[in-house]
Number of protein chains: 2
Amino acid sequence: MQSQVNQNIFDLFSEETISGVAYKNKSLKRAIINHLDKTGNATITDLTLALNISVPKTTSLINELIGDGLVKDEGKVDSKGGRRANIYGLVAESAFFIGVDVKHYHVNIGLLDFKKNLVSDEMQVPYLLANTQESFDHLIRIIQGFIGNLSAAHRNILALCVNLSGRVNSENGYSYSFFHFHEEPLSTIIEKITGIRTYLENDSRAMAYGEFHNGIVRDEKNVLFVNLDYGIGLGIMIDGKIYRGKSGFAGEMGHIPLFTNELICHCGKKGCLETEASGQALIRMFKEKIAQGSGSSLQHDNKLPEPLHLADIIQSTRNEDVLCIELVAGIGEKIGRGLSVLINIFNPELVVLGGILSQTDEYIRLPIRSALNKYSLSLVNNDTQLLMSKLKEKAGIIGGCLIARDKLLSVQ
Amino acid sequence: MQSQVNQNIFDLFSEETISGVAYKNKSLKRAIINHLDKTGNATITDLTLALNISVPKTTSLINELIGDGLVKDEGKVDSKGGRRANIYGLVAESAFFIGVDVKHYHVNIGLLDFKKNLVSDEMQVPYLLANTQESFDHLIRIIQGFIGNLSAAHRNILALCVNLSGRVNSENGYSYSFFHFHEEPLSTIIEKITGIRTYLENDSRAMAYGEFHNGIVRDEKNVLFVNLDYGIGLGIMIDGKIYRGKSGFAGEMGHIPLFTNELICHCGKKGCLETEASGQALIRMFKEKIAQGSGSSLQHDNKLPEPLHLADIIQSTRNEDVLCIELVAGIGEKIGRGLSVLINIFNPELVVLGGILSQTDEYIRLPIRSALNKYSLSLVNNDTQLLMSKLKEKAGIIGGCLIARDKLLSVQ
DNA sequence: GTAAATTTATAAATTAAATTATTAATTAAG
DNA sequence: CTTAATTAATAATTTAATTTATAAATTTAC
């Protein structure tokens with residue numbers, strides 16, 4: 001499935017050391033691709049100014065890139081005095097990237113083109129995430145099925161990224177929480193099966209990346225993304241880059257010891273934020289309340305759906321179920337307390353709330369906001385915007401696709 | 001006091017936009033300076049490989065830099081086969097930088113040359129930090145006195161950096177906790193008085209920077225530096241750069257709400273780490289213990305020194321005073337609990353303990369280490385080294401000098 | 001102890017890129 | 001509607017940088 005254009009991209013972004021002039025041309029071509037990537041499109045003059053090279057040099061590089069199939073002439077810009085300039089942009093269909101977002105009870109999977117358009121996706125593909133070979137095989141079948149369903153024009157796939165929850169080292173491609181069955185990195189194993197260059201990323205970080213580059217984030221460079229799901233995930237963007245820590249384990253905010261309860265967290269300790277402020281905790285607390293005699297619109301014939309999914313509670317909250325609203329607010333207050341610690345440490349420009357629980361919108365945002373006001377240093381807190389995810393449930397696939405794309409293009 | 005060499009450096013690192021060839025030469029010269037800065041010295045071949053330019057081009061740039069007085073020929077390297085290469089390095093005495101480290105009860109001030117040697121310093125200059133005009137005037141007199149005492153050869157000062165505790169925005173030069181009397185940024189005010197380009201930095205960040213570039217840090221890029229002083233400071237180095245947050249308020253670890261005590265922190269909240277795990281808290285607890293009848297070698301005729309300085313308690317701890325050792329261990333345990341939160345979030349390669357309390361060495365390090373083992377996620381914690389500061393009380397001045405130098409040279 | 005191999009430095013030749021000049025296309029002013 | 005002013009693209013010229021060749025300085029092998 002390797003086209004000539006495909007090969008040209010690999011060549012351009014390969015690491016092989018070449019000499020003098022050839023190296024400089026390659027660097028400049030990469031710089032042009034990166035500039036077009038950031039700005040969408042540009043004229044010769046734009047590029048000349050951005051890269052500090054002369055007009056004739058820029059022209060010849062652009063012509064080469066057009067010959068490579070990576071750039072195309074997009075016509076002329078409007079002029080307000082003077083000859084109209086040609087404008088150049090990336091060729092959307094020159095390459096595609098896949099993002100696989102693995103959730104607890106389903107998989108989302110999407111295809112992004114070279115210009116960062118999501119051209120195809122399959123949402124909510126039924127799946128049960130478990131740390132077993134069967135579960136892994138099922139995931140592979142879903143990926144292969146997705147590729148199989150693509151039109152021929154979309155099969156020029158350069159790379160894919162799989163988002164997994166838990167501890168993932170995206171540098172060496174190992175996943176420690178799931179599918180850690182072999183010596184080889186998981187990314188290599190998937191790569192061998194699918195024949196497509198594969199990267200691995202933590203789910204919350206991938207969502208943060210998506211939100212950062214194609215979502216709610218504008219010019220902010222230091223951003224925290226909170227993934228409110230069954231657990232509490234954190235994606236840290238610093239200086240516009242994903243922060244992963246030494247081994248890719250950064251962002252474990254679920255285990256801030258904020259409580260003096262007796263609940264044993266799965267990490268083995270007591271009092272972790274996750275024990276009282278996660279989706280898991282929400283379900284537990286909801287069931288407890290029902291057992292204690294509270295009523296909810298989720299009950300039919302005095303029975304709850306079994307298994308009770310987080311999505312059910314979210315839906316009821318949006319339908320103004322009083323018990324759900326109350327519990328979600330409680331979760332929000334606790335999340336806010338945890339977040340205030342992070343805000344004191346990071347002084348971020350922006351905190352984005354994402355993940356399934358964020359779909360309760362103001363029901364979760366307001367208690368978080370007021371907890372931030374209450375618990376974090378006001379001078380620091382005043383700097384921080386609190387916004388809801390824009391990409392919603394697509395943050396993961398878009399982020400995954402972008403990571404695959406940007407790792408390959410060494411844009412990150 | 002502006003020499004020709006001085007002017008050459010300013011020109012080389014100024015932001016003015018110049019055209020084509022001149023711009024490229026300037027960039028390459030900067031790149032050479034930066035490379036020599038990182039590696040200490042280099043041959044023409046080294047530079048050729050590092051910057052991807054040809055040998056004759058490198059030769060001519062080096063010759064220009066020698067003409068500018070910024071680079072010098074340091075003789076020949078040993079050869080193991082082939083003609084011996086000339087080696088080039090920065091000219092140490094081409095420029096100097098001042099670091100002013102403002103502590104609660106004294107000021108440290110030092111002078112660094114272009115090759116990052118500390119050529120002069122005055123430690124423990126008596127001073128009382130207070131948020132008053134008098135205190136500010138006194139600080140200025142100390143700086144001017146230090147410069148006055150320098151030999152003529154050392155007066156070619158390019159920039160200085162003042163380290164202040166509390167909230168400092170080093171980007172715009174405002175200090176919010178001290179000397180915030182005027183509309184103008186404090187850095188500009190000092191600049192006008194001294195005639196030297198001035199930068200401001202938070203004390204813990206400056207110490208972290210010193211430790212990072214000239215201290216205990218080797219190849220680690222993600223490092224936390226904990227400044228154990230009257231308060232608890234945190235310097236965050238990410239990807240080799242100081243992390244400051246949006247307005248320079250990042251790193252407020254003293255206000256993690258870990259306790260359920262009734263002590264009102266100066267931030268207005270209860271339960272902050274700082275209320276039980278700072279130098280301030282140590283003095284308070286020490287006095288309480290004495291009042292409750294405990295004995296200590298610090299007592300003479302049943303009386304404690306007044307005022308009782310943190311340094312006194314540190315000294316007694318090193319002299320094996322049992323009460324002091326006990327209290328320091330208690331502080332360590334609590335610091336460790338706070339740090340374990342940060343380690344879960346940052347997954348750093350290295351945590352460095354600095355500040356005056358760190359001079360109790362193992363008396364503080366061991367309780368911190370065991371608290372980390374107990375309270376942070378083992379997978380994450382296993383990644384993290386815990387080391388003591390190498391620069392000790394000079395971390396601040398060296399860091400300050402380096403910040404002044406690197407801001408000017410846009411190395412950061 | 002001399003020659004071969006290796007590495008650096010400089011000089012000469014060649015190639016590449018930047019300037020400058022020219023032509024083309026477009027808007028605004030008279 | 002024509003001309004001046006402006007901006008872009010291309011061609012011609014000049015300048016700059018890379019390559020290649022040569023000379024110089026060292027180490028190692030025979």
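Throughout, a chain's letter reflects where its sequence line sits, starting with A, and its residues are numbered from 1.
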Per atom distances to the B:Pro56 side chain, the nearest of D:dT19, C:dA18, C:dA24 is D:dT19
| message | Please classify the nucleic acid contact of A:Thr45 as base, sugar-phosphate, or nothing, using heavy-atom distances under 4.0 Å. | response | sugar-phosphate
Picking from D:dA24, D:dA8, D:dT19, the nucleotide nearest the side-chain atoms of A:Arg83 would be D:dA8
Check your understanding: Side-chain N or O of A:Thr59 less than 4.0 angstrom from OP1 or OP2 on D:dA9?
Key -> no
Taking D:dT10, C:dT26, D:dA8 as options, the one with an atom nearest any side-chain atom of A:Val55 is D:dT10
Separation of D:dA9 atom P from A:Leu47 atom CG, nearest Å, is 11 Å
Open item on the list: Would you say A:Lys57 places a side-chain N or O within less than 4.0 Å of OP1 or OP2 belonging to C:dA17?
Closed with: yes
* Does D:dT18 have OP1 or OP2 sitting under 4.0 Å from an N or O in the side chain of A:Lys24? -> yes
When rounded to whole Å, the CD1 to C1' distance for the pair A:Ile87 and D:dT7 reads 15 Å
| request: Please check if the side chain of A:Thr39 supplies one atom and the backbone of A:Asp37 the other of a donor-acceptor pair under 3.5 Å. | output: no
note: B:Tyr23, atom OH; C:dA17, atom P; distance rounded to Å ~ 17 Å
Worksheet entry | Test item: B:Val91 and B:Leu70 side chains (from C-beta on) under 4.5 Å apart, heavy atoms | no
Exercise. Would you indicate what A:Asp78 reaches in the nucleic acid, counting non-hydrogen atoms under 4.0 angstrom: base, sugar-phosphate, or nothing?
Key: nothing
To the nearest angstrom, the CG-P distance between A:Asn86 and C:dA24 comes to 16 Å
Exactly one of B:Phe114, B:Phe96, B:Phe97 clears ring-ring contact (aromatic ring centres under 6.0 Å, His included) with B:His154, and that residue is B:Phe96
Assign each of A:Lys76 and B:Leu28 the nucleotide of DNA chain D bearing its closest heavy atom; nearer the 5' end lies the nucleotide of A:Lys76
When B:Asn63 and B:Val21 are each assigned the nearest nucleotide of DNA chain C, the 5'-most assignment goes to B:Asn63
Whole-Å distance, B:Ile66 CD1 to C:dA9 P, equals 11 Å
Whole-Å distance, B:Tyr88 OH to C:dT8 C1', equals 10 Å
If only side-chain N and O atoms count, and only distance matters, is there a donor-acceptor pair under 3.5 Å linking A:Asp46 with A:Thr43?
yes
task: May I ask you to say whether A:Lys29 pairs ionically with A:Glu64, meaning some side-chain N is under 4.0 Å from a carboxylate O?
output: yes
Here the distance between atom P of D:dT7 and atom CG of A:Asp46, to the nearest Å, is 14 Å
When rounded to whole Å, the CG to P distance for the pair A:Leu51 and C:dA18 reads 11 Å
**Asked** Quick one: is A:Asn25 getting a side-chain N or O under 4.0 Å of the C:dA16 phosphate, OP1 or OP2?
**Response** no
Of A:Ile53 and A:Arg84, the one whose closest nucleotide on DNA chain C sits nearer the 5' end is A:Ile53
